[in-house]
Amino acid sequence: MKLPFLLLALCSALSALAQPNVVFIYCDDLGFGDLACHGHPRIQTPNLDRLAKEGTDFWSFTVVSPVCSPSRTGIVTGQFPSRWGVHQHFASHEQNVARNMPDWLDPKAPLLPRVMKEAGYKTAHFGKWHLSGGNIEGAPLPAAYGYDNAAVWTGPGAHVFDGLKYDFANGEGSAHDQHAASWISVAATDHALRFIREAKEAPFYLNLWLHETHHLVSATEEDKKPYPDVPEPQRTYYAAVSRADRQVGRVLDLLDELGLANNTLVMFSSDNGPENSHAQPGQKFYHSQGSTGGLRGRKRSLLMGGVNVAFLARWPGVVPAGRVDKETALAGVDVFPTVLAATGAKAPEGYVSDGEDMLAAFKGGTQPRTKPVFWWWQGGHSGDDWPAFAMREGSHVLVLDETKQRAELYDVIADRFQTKNLATADSERVKRMTSAINQWFATLPKSVDPVLQAKAAPKAAAKPSRTAEIAPETRLRAFKNWDKNQDGHLTLEEYRNGLAKKDNVENRFKNFDKNSDGKVTREEFAGKAAP
């Protein structure tokens, strides 16, 4: 009678020795204060609250940039994005050149997905990419970065709507279209769930990078039902946050269903703080109503509201449940070395991370930070976006303007909301940290490797829309939706009404209208996908 019990014990022991799966869920522009478990009085986030209850909630986590692309670079490389010339978000070739940036992250950089793949993991990335621009000629596909499987937006290769039956999505599949934006994270999660099911027999590393709550913030009427008494623009924003929360719940539920929860490290965060809000309907960021939870600054600011974001970690039996850690100075660059420590994967030869292995803190221990965190923001410097440089040393954060003459120093543990500037009282610390920033800055590249740039800038007037690049079946769905009178042709007006981005519409229409008859047929628009 003892044999079954011995076999059960053996299976449990073998399970404990198995390499853990890793799931990293990254929201976009989500504020620290947007979670119910962080005190938001109205937004419903039951799945994120569950993740916090079943894991640890790190309140002092900071990303290494106040905007998208460099923040994400810090996650996948474990190094400060400025080491790779990534200072702002990847945009058009011309904008990247003006910012002295490459057109994409160097695929030769040390990359967490590649390391995990070499360690025997199945790897995948679904959702936002933005490690290059969306329409950059020559940008490497996700496979070049170590992913076995990928479906993205704001990046090259397969789009998240490709291969899925979302007939309502317009042909551009853009996160800037009010219809697609309400479903684009749902589609990314569909891919993620399928990947988990197919990879369950092997350890897997999965990035699920959600759209919410980046502009365009949108929500369906169904999304809005939990908030019948909330006025706009908050109602749409709250609904979008809850929709993102549901995607997290779908992942957690599947891990439970497959018996993988106990052997999976799940991490959740946001790439930067909330977008600045516009006051009037019709303005670009009218529905961007995120909360910093009282922190100063927002997206694009090196004050804490721009970089101190939610970070939740769950790994049953390893990461303590229900713990709130308000002191550990975690940073985005720590994800890489901490995942390596958790999984036993080996770092690339000669690799030096700007982060550090914080697994002891994940396990509930007290772990003082031994490496500083540096920031260099080269975007605009108005309002709360005035800091150009920043450094964190333990609990202290120093922010400097471009001249390094304006300095503010805060103990962000004792003074979370940065109300008491210690720069005058602790001038020696300011001097020492400023010197450290200067020394770090001297190590950064100041020019762009031409190999990392598109051969030539695209010509805007001759450039077809995203519609010309996506899967034919998706374009055909768009044609069906836009052809309102179902006569088998698109007029210029029908084409214009269907587009999310309406710049240069006439020239874009002409690119499809091959015979210049003023109408676009299914074949002209959708190519071989048309019947």
Side-chain angles (χ1 to χ4, degrees), residues 24 26 28-29 63-65 67-114 123-162 172-176 184 188 191 207-211 214-215 271-272 332 378-379 445 447-460 463-471 501:
F24 184 75
Y26 220 20
D28 199 332
D29 296 359
V63 286
V64 288
S65 174
V67 296
C68 175
S69 297
S71 174
R72 294 162 193 267
T73 295
I75 294 293
V76 298
T77 66
Q79 296 179 331
F80 298 127
S82 292
R83 296 204 187 280
W84 299 99
V86 185
H87 310 294
Q88 299 182 58
H89 72 275
F90 286 108
S92 69
H93 175 77
E94 293 89 347
Q95 287 173 297
N96 294 333
V97 169
R99 296 169 177 176
N100 196 35
M101 278 179 52
D103 282 322
W104 53 79
L105 173 64
D106 190 345
K108 295 181 181 177
L111 293 160
L112 181 55
R114 182 182 296 138
T123 58
H125 182 108
F126 302 114
K128 189 173 186 180
W129 180 249
H130 224 173
L131 296 176
S132 64
N135 294 296
I136 295 293
E137 181 182 355
L141 295 173
Y145 296 82
Y147 295 104
D148 294 316
N149 201 343
V152 307
W153 64 88
T154 320
H159 192 275
V160 292
F161 284 136
D162 292 351
E172 294 205 349
S174 169
H176 294 282
I184 200 163
H191 284 288
N207 280 344
L208 175 57
W209 289 5
L210 304 177
H211 169 61
H214 192 279
H215 170 77
D271 64 350
N272 46 251
Q378 295 189 50
S447 61
V448 178
D449 185 345
V451 172
L452 304 177
Q453 292 182 314
K455 293 180 180 179
K459 296 180 180 179
K463 178 183 173 183
S465 74
R466 167 99 172 100
T467 309
E469 301 176 11
I470 63 173
K501 297 179 182 179

Can Leu111 and Thr77 be said to form a side-chain contact (heavy atoms from CB on, under 4.5 Å), step by step? CA-CA 5 Å; Leu111 293 160; Thr77 66; 4.3 Å; yes
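- Ring planes of His125 and Trp129: perpendicular class, angle over 60° (limits at 30 and 60°).
- Closest approach of Gln79 to Pro110, counting heavy atoms only: OE1-CG, 3.7 Å.
- Here the side chain of His211 pairs a donor or acceptor atom with the backbone of His214 at under 3.5 angstrom.
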Dump the intermediate steps for side-chain contact (heavy atoms from CB on, under 4.5 Å) on Ile136 and Phe90, then the final yes or no. CA-CA 10 Å; Ile136 295 293; Phe90 286 108; over 6 Å; no
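- Using a 4.5 Å cut-off on side-chain heavy atoms (C-beta onward), Leu452 and Trp104 make contact.
- Judged by distance alone, with hydrogens and angles left aside, the side-chain atoms of His191 form a donor-acceptor pair with the main-chain N or O of Val160 at under 3.5 Å.
- Ring planes of Phe24 and Trp209: perpendicular class, angle over 60° (limits at 30 and 60°).
- For the residue pair Ala124 and Tyr147, the shortest heavy atom distance occurs at C-CD2, 3.5 Å.
- Distance alone, capped at 3.5 Å, is enough to place a donor-acceptor pair between the Asp148 side chain and the Thr123 backbone.
- Judged purely by atom type and a 3.5 angstrom limit, Thr154 has no side-chain atom pairing as donor or acceptor with the backbone of His130.
- Annotation for Pro140 and Pro156: closest pair O-CG, 3.2 Å, computed over non-hydrogen atoms.
- Minimum interatomic distance between His89 and Asn96 (heavy atoms only, all atoms of both residues): O-OD1, 4.2 Å.
- Summarising the geometry of Tyr145 relative to Leu105, their closest heavy-atom pair is OH-O, 2.5 Å, with the distance given to 0.1 Å.
- Between the side chain of His87 and the backbone N or O of Pro70 there is no donor-acceptor pair closer than 3.5 Å.
- Proximity of a side-chain donor or acceptor of Arg99 to a complementary backbone N or O of Gln378 within less than 3.5 Å is not detected.
- Checked options Asp28, Asn207, Asp271; the residue passing with Lys128 is Asp28 (criterion: side chain to side chain donor-acceptor pair (under 3.5 Å)).
- Across all non-hydrogen atoms, the minimal contact from Asn272 to Val63 is CA-CG2, 4.1 Å.
- Here the CG-OG distance, from Asn100 to Ser447, works out to 7.0 Å after rounding to the nearest 0.5 Å.
- Under the 30°/60° scheme for interplanar angles, the aromatic rings of His215 and His176 are found to be tilted.
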